[in-house]
S.K.: 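This is the structure I want to talk about, given as structure tokens.
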Amino acid sequence: MKREKGMAMDILHRCLLHVFATSLVLLLGVSSAQAQEFEKNILTGSPTGTYIQFGNDIANLMAECDQTLHVVESAGSLENFLGVRKRRATQFGIVQSDVLEYLKTYSANDPAIARAIAGVRISFPLYNEEVHLLASKGIASPANLNGKRVAVGVEDSGTFLTASLILDLLGITPAEVHTIGPAEALEQLLADDLDGFFYVAGAPTKLFQDTRIDAERFHLVPFEDPLLQAVYVPTQIPASTYAFQTDPVPVVAVKAVLMTYEYEPRRNSYHAASCKAVSDVSNLIFTRFGDLQQNGHPKWKQVDLTDIPPGWDVSECANAGLAANYPLSCSSGGMEAVPDSEANSAYRQRICSVIGC
């Protein structure tokens with residue numbers, strides 16, 4: 001187990017250094033011009049993933065409040081983690097919760113990573129992301145990937161991290177490992193240039209709604225190994241989640257979180273405005289949670305706002321937005337106030353009992 005974890009850490013370390021370099025490029029590439037409205041960004045994921053749909057749902061709430069939250073595509077969790085720390089005017093990123101644990105493992109011996117972790121906070125826990133492994137019918141379990149051609153996601157993504165760890169933990173050695181995104185991986189699988197590919201995303205995800213996925217040729221591979229079920233969250237993708245998948249599939253999952261930074265309002269005007277943005281988003285998600293569950297991505301129905309993953313601390317700015325008398329910044333006043341009903345009051349007490357208010 002120690003050997004596998006060491007290999008996984010090496011993979012993550014190489015990936016983190018790459019993302020750190022990329023984040024500096026992004027930082028230098030952002031204009032210093034100040035827009036009339038304070039700039040706010042959320043780093044999400046690929047156009048077909050669940051992250052970007054959650055980002056759009058949150059941005060729509062902000063738009064109702066006459067505020068703009070820019071939804072930015074990215075490679076995924078690792079880029080988002082460093083982006084919140086290094087990319088200008090980027091207050092939010094959706095990341096896999098296990099990223100922080102692995103980074104903390106390195107922080108004791110790597111000052112650069114320790115600095116990257118400092119100040120990282122959570123705004124809200126989100127949903128469990130299922131580990132999808134779409135493969136040809138001959139791949140009955142992840143172990144069958146030995147000697148096969150497999151795609152593990154691009155190197156800045158959470159899929160890359162999780163897929164690499166799973167392969168290491170199970171001692172699997174593919175003949176070919178392709179670091180490509182899910183859309184390209186699907187095309188290669190359909191063309192018989194791959195035997196399978198990993199994609200960590202909340203089900204249902206648009207990618208697997210592609211009608212070209214033939215149930216006679218392909219399937220979602222079940223994850224039933226006890227080791228994986230001990231490391232990750234055992235769950236299942238319900239029957240008929242996708243057209244080609246008629247039966248429930250046992251899989252494992254990791255939790256996605258809405259990550260932010262511990263801004264200090266008294267430090268400077270940027271920190272003050274960023275903290276206000278975090279508080280506003282926190283307030284909107286909390287007070288409009290029912291709307292998100294009814295009208296947003298189906299995965300909102302599985303979000304438990306009290307399920308804070310181990311190792312994460314809640315942002316004080318996010319906490320401020322949960323106050324009953326929080327002054328939400330809606331420039332036109334067009335958003336109708338939500339009465340603090342008996343049900344809302346009880347729910348607020350439940351949230352506060354976990355994260356403190």
Side-chain angles (χ1 to χ4, degrees), residues 45-54 76 96 126-146 148-154 157-163 165-167 169-170 172 174 178 180-229 231-256 293 296-303:
S46 70
T48 61
T50 308
Y51 283 6
I52 199 164
Q53 295 175 69
F54 262 62
Q96 291 175 197
L126 296 177
Y127 55 91
N128 285 337
E129 297 182 88
E130 291 83 3
V131 181
H132 297 71
L133 174 56
L134 185 67
S136 61
K137 279 293 188 73
I139 308 297
S141 72
N144 294 140
L145 292 174
N146 257 320
K148 301 296 184 180
R149 303 161 299 173
V150 60
V152 296
V154 296
S157 69
T159 293
F160 173 82
L161 167 67
T162 300
L165 289 172
I166 286 174
L167 293 175
L169 287 169
L170 298 182
I172 296 168
H178 298 258
I180 56 177
E184 184 179 353
L186 176 60
E187 296 301 324
Q188 291 195 17
L189 180 67
L190 294 173
D192 200 28
D193 294 327
L194 279 179
D195 296 299
F197 71 93
F198 288 88
Y199 188 25
V200 181
T205 184
K206 284 184 178 179
L207 184 72
F208 296 124
Q209 294 169 357
D210 194 311
T211 56
R212 296 175 298 165
I213 303 175
D214 183 358
E216 296 297 320
R217 296 179 58 199
F218 309 109
H219 72 143
L220 290 174
V221 178
F223 288 82
E224 299 178 292
D225 187 281
L227 175 58
L228 294 183
Q229 293 181 344
V231 173
Y232 294 98
V233 179
T235 186
Q236 70 172 15
I237 297 176
S240 302
T241 297
Y242 305 110
F244 64 90
Q245 173 239 336
T246 57
D247 297 320
V249 180
V251 294
V252 292
V254 296
K255 183 169 289 295
Q293 291 188 310
H297 187 279
K299 208 69 177 175
W300 281 105
K301 294 182 175 65
Q302 298 179 23
V303 172

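Since the structure is predicted, the reported quantities are computational estimates derived from the model, not experimental observations.
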S.K.: Going by the side chain to side chain donor-acceptor pair (under 3.5 Å) test, name the single residue among E130, Q53, E129 that passes it with K299.
M.R.: E130
S.K.: Any chance you could measure I213, atom CD1, to L207, atom CG, to the nearest 0.5 Å?
M.R.: 6.0 Å
S.K.: May I ask you to check whether F223 and Y232 place their ring centers less than 6.0 Å from one another?
M.R.: no
S.K.: Do K255 and V233 come within less than 4.5 Å of each other through their side chains, counting heavy atoms only?
M.R.: no
S.K.: Might you point out which heavy atoms bring G196 and L189 nearest each other, and give the distance in Å?
M.R.: N-CD1, 3.9 Å
S.K.: Is the side chain of Y242 donor-acceptor paired with the backbone N or O of T205 at a distance under 3.5 Å, no angle test?
M.R.: yes
S.K.: For a 4.5 angstrom cut-off between non-hydrogen side-chain atoms, does H132 reach V251?
M.R.: no
S.K.: Atom OG1 in T159, atom OH in Y199: separation rounded to 0.5 Å?
M.R.: 6.5 Å
S.K.: Report the C-alpha distance between K206 and Q209 in whole Å, list the side-chain angles of each, state the deciding distance to 0.1 Å, and finish with yes or no for side-chain hydrogen bond (donor to acceptor under 3.5 Å, both in side chains).
M.R.: CA-CA 5 Å; K206 284 184 178 179; Q209 294 169 357; over 6 Å; no
S.K.: Does R212 form a side chain to side chain contact (heavy atoms under 4.5 Å, CB included) with R217? I'd like the steps, not just the answer.
M.R.: CA-CA 10 Å; R212 296 175 298 165; R217 296 179 58 199; over 6 Å; no
S.K.: Could you give the distance from OG (S136) to CG (N144), rounded to the nearest 0.5 Å?
M.R.: 9.0 Å
S.K.: Answer yes or no: is there a side-chain heavy-atom contact under 4.5 Å between P234 and E224?
M.R.: no
S.K.: If you round to the nearest 0.5 Å, how far is CG of L170 from CG of L145?
M.R.: 9.5 Å
S.K.: Identify which one of I139, L134, L186 satisfies the side-chain contact (heavy atoms from CB on, under 4.5 Å) criterion when paired with F218.
M.R.: L134
S.K.: Between T50 and H297, is a side chain to side chain contact (heavy atoms under 4.5 Å, CB included) present by the stated rule, with each step listed?
M.R.: CA-CA 8 Å; T50 308; H297 187 279; 3.6 Å; yes
S.K.: So W300 and L126, do their side chains get closer than 4.5 Å, heavy atoms only?
M.R.: yes
